[in-house]
Engineer: 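Below: one structure in structure tokens.
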Amino acid sequence: SDAVAYTATIQIDSIMNAVEIPLINLVPSSMVLLPRPYPGFLPLQFSASISQPFKLANVDKIEVMVQPALNNQTDYVIEFEKVYLTK
């Protein structure tokens with residue numbers, strides 16, 4: 001509702017069972033604009049000009065972004081069994 005995004009960065013390996021990200025670790029960040037903005041020269045990410053504390057009640061969506069590892073591996077398979085938020 002206010003176009004503010006928050007992020008946390010984690011590293012994954014080939015064997016992982018569960019990942020916990022404490023809400024206190026979320027920091028303000030930019031968000032990917034989907035669908036892709038048209039025309040193509042427009043920015044792919046948006047950063048809000050305001051900064052405010054994270055509020056769990058205001059969460060509209062959860063976005064997961066995978067960045068390539070340093071070994072330049074390009075093939076990834078990631079499976080999510082469930083994603084949930086708790087206090």
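Being a predicted model, the structure only gives us computed values, none of them experimental. We number each residue from 1, following the sequence as shown.
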Engineer: Quick one: pull up CD1 in I10 and CG in N25 and give me the separation to the nearest 0.5 Å.
Structural biologist: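 Answer rounded to 0.5 Å: 11.5 Å.
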Engineer: One pair to check against side chain to side chain contact (heavy atoms under 4.5 Å, CB included): V4 and I50. What are the steps and the verdict?
Structural biologist: CA-CA 7 Å; V4 178; I50 60 173; 3.8 Å; yes
Engineer: Does the side chain of F80 reach to within under 4.5 Å of the side chain of V64, using non-hydrogen atoms?
Structural biologist: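 In short, these two side chains touch, coming nearer than 4.5 Å.
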Engineer: Which heavy atom of V32 sits nearest a heavy atom of Q45, and at what distance?
Structural biologist: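 Taking every non-hydrogen atom into account, CG2-NE2, 4.0 Å.
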Engineer: Around E20, counting heavy atoms of other residues, nucleotides and ligands shown, do more than 12 lie under 6.0 Å from its CD?
Structural biologist: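 Counting neighbours around CD of E20, 12 or fewer heavy atoms of other residues, nucleotides or ligands fall under 6.0 Å, so no.
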Engineer: Please indicate whether I62 has more than 12 foreign heavy atoms, meaning atoms of other residues, nucleotides or ligands, lying under 6.0 Å from its CD1.
Structural biologist: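 Correct, the count exceeds 12.
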Engineer: If two hydrophobic side chains count as joined below 4.5 Å and joins carry through other members, does Y6 share a cluster with V83?
Structural biologist: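 Yes, one cluster joins them.
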Engineer: Of the non-hydrogen atoms in P43 and L33, which two are nearest, and what is the gap between them?
Structural biologist: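 Of all heavy-atom pairs spanning P43 and L33, the closest is O-CD1, 3.7 Å.
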Engineer: Starting from the C-alpha separation in whole Å, work towards a yes-or-no answer on side chain to side chain contact (heavy atoms under 4.5 Å, CB included) for L23 and F54.
Structural biologist: CA-CA 8 Å; L23 297 179; F54 176 79; 3.9 Å; yes
Engineer: A3 and M31: which non-hydrogen atoms are nearest, and at how many Å?
Structural biologist: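 That would be O-CE, 3.2 Å.
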